Protein chains: 2
Amino acid sequence: MEKTDAVAALAALAQDNRLDVFRLLVQAGVEGLTAGAVAEALGLAPNTLTFHFDRLRMAGLATVRREGRSMIYAARFETMNALVGFLTENCCGGASCAPAKPAKPAGTRSKMLA
Amino acid sequence: MEKTDAVAALAALAQDNRLDVFRLLVQAGVEGLTAGAVAEALGLAPNTLTFHFDRLRMAGLATVRREGRSMIYAARFETMNALVGFLTENCCGGASCAPAKPAKPAGTRSKMLA
DNA sequence: CAATCATTTCAATAATCGTTGAAATATGGA
DNA sequence: TCCATATTTCAACGATTATTGAAATGATTG
């Protein structure tokens with residue numbers, strides 16, 4: 001991961017509502033959640049939410065797909081893990097830091113799509 | 001780590017110059033670097049740098065101490081690790097994510113104080 | 001004490017950010 | 001086709017941010 005990408009991902013996560021959104025998506029696993037489900041869960045206006053989804057998507061932290069009239073957003077675990085990797089890789093000059101190899105996407109522990 | 005602290009740490013790292021500063025401190029290990037050394041290494045104005053150091057310090061990511069006429073800044077690995085922990089802890093609903101236990105401060109691989 | 005060095009403080013500025021409200025777009029069903 | 005649902009687009013606003021330049025503070029040396 002490039003520094004630029006790391007800054008983008010950090011910036012995307014460095015906001016209250018967006019961190020909430022991302023964590024919700026993360027917990028939802030690869031199936032994702034509809035925009036409406038997220039809006040309801042967090043009490044955010046749909047247009048505000050679109051703004052935040054865009055930011056997450058630009059940072060490579062989320063994906064969208066359409067399903068019927070709903071847009072379904074899902075976390076991109078790959079980027080999340082690359083970010084953690086980037087932070088720890090540059091940590092402690094590579095020496096005494098425990099590696100911290102992350103993650104595969106959440107299982108099929110679904111969560112409903114609304 | 002609280003969500004608030006996580007957002008603060010993420011925000012502190014989510015800026016080009018600040019991420020550079022932090023990584024430099026991280027590589028310098030527990031001994032840290034003088035403000036001047038960082039300023040020279042990154043080509044930043046000293047007042048700009050003070051601003052960024054403050055942000056890092058407020059986020060718990062750096063400490064200062066005075067030594068002669070120099071101020072010496074050092075990374076707080078504890079917070080860095082807590083942040084990674086927070087991100088991965090909330091990752092994948094706690095299930096299939098590899099734990100990713102980080103880090104102890106860098107050894108005594110010093111780096112000079114300028 | 002005066003001079004110098006290292007860093008911080010302060011005020012100002014342009015740029016970006018998050019939220020809102022109103023209107024537009026796309027999909028599915030009657 | 002007309003209507004309702006789900007979400008996005010657009011313009012606007014106040015708030016925060018990063019950077020700058022100039023001046024102030026604190027520590028050391030002569």
Side-chain angles (χ1 to χ4, degrees), chain A residues 3-4 6-25 28 31-59 61-74 111-114, chain B residues 3-4 6-25 28 31-59 61-74 111-114:
Chain A
K3 195 189 84 173
T4 308
V7 171
L10 288 165
L13 294 173
Q15 207 274 332
D16 260 65
N17 292 330
R18 223 145 47 211
L19 187 54
D20 284 337
V21 168
F22 184 72
R23 282 168 65 188
L24 203 56
L25 291 183
E31 294 186 26
L33 292 172
T34 62
V38 176
E40 192 185 7
L42 301 178
L44 294 175
N47 49 355
T48 300
L49 199 47
T50 296
F51 171 81
H52 290 308
F53 278 142
D54 276 357
R55 282 265 187 299
L56 288 173
R57 232 152 37 75
M58 295 298 136
L61 286 164
T63 59
V64 221
R65 66 183 198 273
R66 181 180 281 280
E67 198 155 299
R69 22 189 159 181
S70 293
M71 299 301 256
I72 300 184
Y73 287 86
K111 198 93 177 191
M112 186 150 331
L113 292 179
Chain B
K3 196 189 82 172
T4 308
V7 170
L10 288 165
L13 295 174
Q15 206 273 333
D16 260 66
N17 293 330
R18 222 144 48 211
L19 187 54
D20 284 338
V21 169
F22 184 72
R23 282 168 66 188
L24 204 57
L25 291 182
E31 295 187 24
L33 292 171
T34 63
V38 176
E40 191 184 7
L42 301 178
L44 294 176
N47 49 354
T48 300
L49 198 48
T50 296
F51 171 81
H52 290 308
F53 278 142
D54 276 356
R55 282 264 187 300
L56 288 173
R57 232 152 37 75
M58 294 299 134
L61 286 165
T63 58
V64 221
R65 65 183 198 273
R66 180 180 282 281
E67 198 156 297
R69 26 189 157 182
S70 294
M71 299 302 256
I72 300 184
Y73 288 86
K111 199 92 176 192
M112 186 151 331
L113 291 180

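What you are looking at is a predicted structure, and each value in this text was computed from that prediction instead of being measured. Every chain is numbered from 1 and lettered A, B, ... according to where its sequence line falls, protein lines coming before strand lines. The figures here come from the full heavy-atom set of this structure, side chains too, leaving out hydrogens, waters and symmetry mates.
Of the possible donor and acceptor atoms, none in the side chain of A:Arg55 sits under 3.5 Å from a partner among the backbone N and O of A:Ala12.
In this structure, the CG atom of B:Asp54 is 12 Å from the P atom of D:dA18, given to the nearest Å. The nearest whole Å value for the distance from the CG atom in A:Leu13 to the P atom in C:dC17 is 15 Å. Whole-Å rounding puts the B:Asp16 CG to C:dT16 P distance at 13 Å. Straight-line distance from the CZ atom of A:Arg65 to the P atom of D:dA6: 17 Å, rounded to whole Å. Look at CG on B:Leu49: it is 15 Å from C1' on C:dT9, rounded to the nearest Å. Distance CD (A:Glu67) to P (D:dT7): 11 Å, rounded to an integer number of Å. C:dT8 atom P lies 12 Å from atom CE of B:Met58, rounded to whole Å. Following rounding to the nearest Å, B:Leu10 (CG) and D:dT16 (P) show an atom-to-atom distance of 19 Å.
Annotation: side chain of A:Phe53 is not in contact with side chain of A:Val64 (no heavy-atom distance under 4.5 Å). Side-chain contact between A:Tyr73 and A:Leu56: absent, with no pair of heavy atoms (C-beta onward) separated by less than 4.5 Å. Residues B:Phe51 and B:Asn17 form no side-chain contact, since every pair of their non-hydrogen atoms from C-beta on lies 4.5 Å or further apart. Side-chain contact check for B:Asp20 versus A:Lys3: some heavy-atom pair is nearer than 4.5 Å.
Minimum atom distance to the side chain of A:Ala35 is reached by D:dT7, of the listed D:dT7, C:dT19, C:dG18. Side chain of A:Phe51, nearest nucleotide from D:dT17, C:dG18, C:dG21: C:dG18. Set against D:dT8, C:dA6, C:dT27, the side chain of A:Arg66 has C:dT27 as its closest nucleotide. The side chain of A:Gln15 approaches C:dG18 more closely than any other nucleotide in the set D:dA22, C:dG18, C:dT7. Closest approach to the A:Thr48 side chain among C:dT19, C:dG18, D:dT7 is made by C:dT19 (side chain taken as heavy atoms from C-beta onward). Of the candidate nucleotides D:dA4, D:dT8, D:dA18, D:dA4 has the atom lying nearest to any side-chain atom of A:Arg69. The A:Asn17 side chain lies nearest to C:dG18 when the options are C:dG18, C:dT8, D:dT7.
Put simply, A:Arg55 has a side-chain N or O that comes within less than 4.0 Å of OP1 or OP2 on C:dC17. Residue A:Ser70 has a polar side-chain atom (N or O) positioned under 4.0 Å from OP1 or OP2 of D:dT7. The side chain of B:Tyr73 contributes an N or O atom lying less than 4.0 Å from OP1 or OP2 of C:dT8.
Nearest-nucleotide positions on DNA chain C for B:Asn47 and A:Ala14 put B:Asn47 closer to the 5' end. Residues B:Thr50 and A:His52 both approach DNA chain C. Their nearest nucleotides, taken by heavy-atom distance, put B:Thr50 toward the 5′ side.
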